Amino acid sequence: MKRTLLLGNGLNRTLDNGISWEDLLTQLGATNDEVHGHSVPFPMLFEQLAAQRGVMPSARGRNAYKELKHEVAQSISEHLGVPGRIHCQFASLPYSNIITTNYDETFEYAYERLDRLVTLNRLVTNPGSSRNILKAYSTVNDIPIYHAHGHARWPGTMCLGYEHYISLITKIRNEIYPAPSEKDSDSRSHLEELIRSSDGSEEIWPLLLLTTDVDIVGLELSYSETDLWWLLSLRVSLFMAEESLRSFANKITYYAVKTDEKSDFDSPKLRMLRSLDINVVTLKEETYLRGYETIANRISQSFA
């Protein structure tokens with residue numbers, strides 16, 4: 001079975017100018033009460049910013065809302081872009097597909113830094129005015145790279161508020177449940193056939209979570225990332241409920257790195273992932289950089 005890397009913002013956080021998406025919105029004026037242990041979900045921080053700018057739901061097609069998304073995209077481009085050695089270490093692994101929830105191209109640049117002979121082909125898919133990107137945005141030596149939650153180059157594609165995540169799930173459902181009628185809107189026959197006939201080379205990234213082995217690295221997997229949780233739940237329900245599909249079941253491994261003495265490796269989130277038939281690998285290291293280096297080495301050995 002082919003292998004896919006699902007990459008979050010963790011690697012970017014190891015950079016000198018790395019920043020969390022929550023901190024980025026806080027810098028733009030959102031209020032996050034982490035001091036008292038109440039971290040506001042990222043989409044709500046964006047909604048808060050929009051409300052502060054006077055953008056009501058009925059006015060989201062107007063310039064003020066679009067300007068806010070452009071401001072977020074501009075801030076991302078100012079913080080990110082130059083990869084570190086850990087990016088290059090993961091870029092050297094022989095994955096068949098790369099999915100990232102990041103809005104930047106830092107990981108793409110790692111391939112260029114790694115090998116001057118690399119062929120980086122951007123704009124395999126030009127989102128244009130689309131709100132969501134399901135197909136590969138670019139390829140590196142024919143390896144497709146998917147920006148699951150949008151790209152800063154097209155601010156309109158970025159998943160920032162809850163409305164954007166809802167839109168994304170709707171688009172994914174329309175792709176994997178192409179119902180000929182309302183009566184068949186939840187029929188899984190089409191999806192089951194896709195899984196049975198798949199060779200791990202899918203046109204859209206959501207199917208890769210069902211048809212290839214997936215390593216999840218540097219991804220907090222916030223509960224607000226409803227598209228990913230929905231797909232993970234769909235996966236386990238498919239393979240556990242349909243006995244004829246079990247031989248096609250893929251393997252998903254989630255890597256969790258902790259750096260403090262109070263690290264909780266039995267958190268509700270990790271327990272939930274295990275209940276969804278996901279292999280959870282936990283590491284405690286002095287720094288996140290060291291943790292990701294250890295993960296990269298382990299994955300490299302598994303390929304060997």
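Given the structure is predicted, the values throughout are model-derived calculations rather than measurements. Counting begins at 1 with the first residue of the sequence.
Remark: Asp215 engages Arg3 in a salt bridge (charged side-chain N to carboxylate O under 4.0 Å, His left out) (not counting sequence neighbours). Partners of Glu285 by salt bridge (charged side-chain N to carboxylate O under 4.0 Å, His left out), not counting sequence neighbours: none found.
Closest approach of Asn97 to Pro144, counting heavy atoms only: OD1-CG, 3.3 Å. Pairing each heavy atom of Glu220 with each of Tyr254, the nearest pair is O-OH, 3.3 Å. The heavy-atom pair separating Ile176 from His190 by the smallest distance is O-CD2, 3.6 Å.
With no hydrogens or angles considered, a side-chain donor-acceptor pair links His151 and Glu105 at under 3.5 Å.
Rounding to the nearest 0.5 angstrom, the gap separating the OG1 atom in Thr101 from the CG atom in Leu219 is 5.0 Å. Between the CD atom of Gln48 and the OG1 atom of Thr26 there is a distance of 8.5 Å, given to the nearest 0.5 Å. Within the model, atoms OG1 of Thr211 and CZ of Arg196 stand 14.0 Å from one another, a figure rounded to the nearest 0.5 Å. With rounding to the nearest 0.5 Å, the separation of CD in Glu108 from CD1 in Ile143 is 11.5 Å. For the atom pair CG (Leu209) and CG (Leu228), the distance works out to 7.0 Å, reported to the nearest 0.5 Å.
Around the CZ atom of Arg298, the shell of radius 6.0 Å holds no more than 12 heavy atoms that belong to other residues, nucleotides or ligands. Counting non-hydrogen atoms of neighbouring residues, nucleotides and ligands closer than 6.0 angstrom, the CG atom of Asp199 exceeds 12 such neighbours. In the displayed structure, Glu203 atom CD is contacted under 6.0 Å by at most 12 heavy atoms of other residues, nucleotides or ligands.
Exactly one of Phe90, Tyr146, Phe303, Tyr111 qualifies for a ring pair (Phe, Tyr, Trp, His ring centres under 6.0 Å) with Tyr95. That residue is Phe303.
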Using residues 82-89 as the side-chain source, report each donor-acceptor pair under 3.5 Å to any protein atom, sequence neighbours left out, with the distance given to one decimal.
from: Arg85; atom 1: NE; to: Glu293; atom 2: OE2; distance (Å): 3.0
from: Arg85; atom 1: NH2; to: Glu293; atom 2: OE2; distance (Å): 2.7
from: His87; atom 1: ND1; to: Gly84; atom 2: N; distance (Å): 3.2
from: His87; atom 1: NE2; to: Asn12; atom 2: OD1; distance (Å): 2.8
from: Gln89; atom 1: NE2; to: Asn297; atom 2: OD1; distance (Å): 3.0

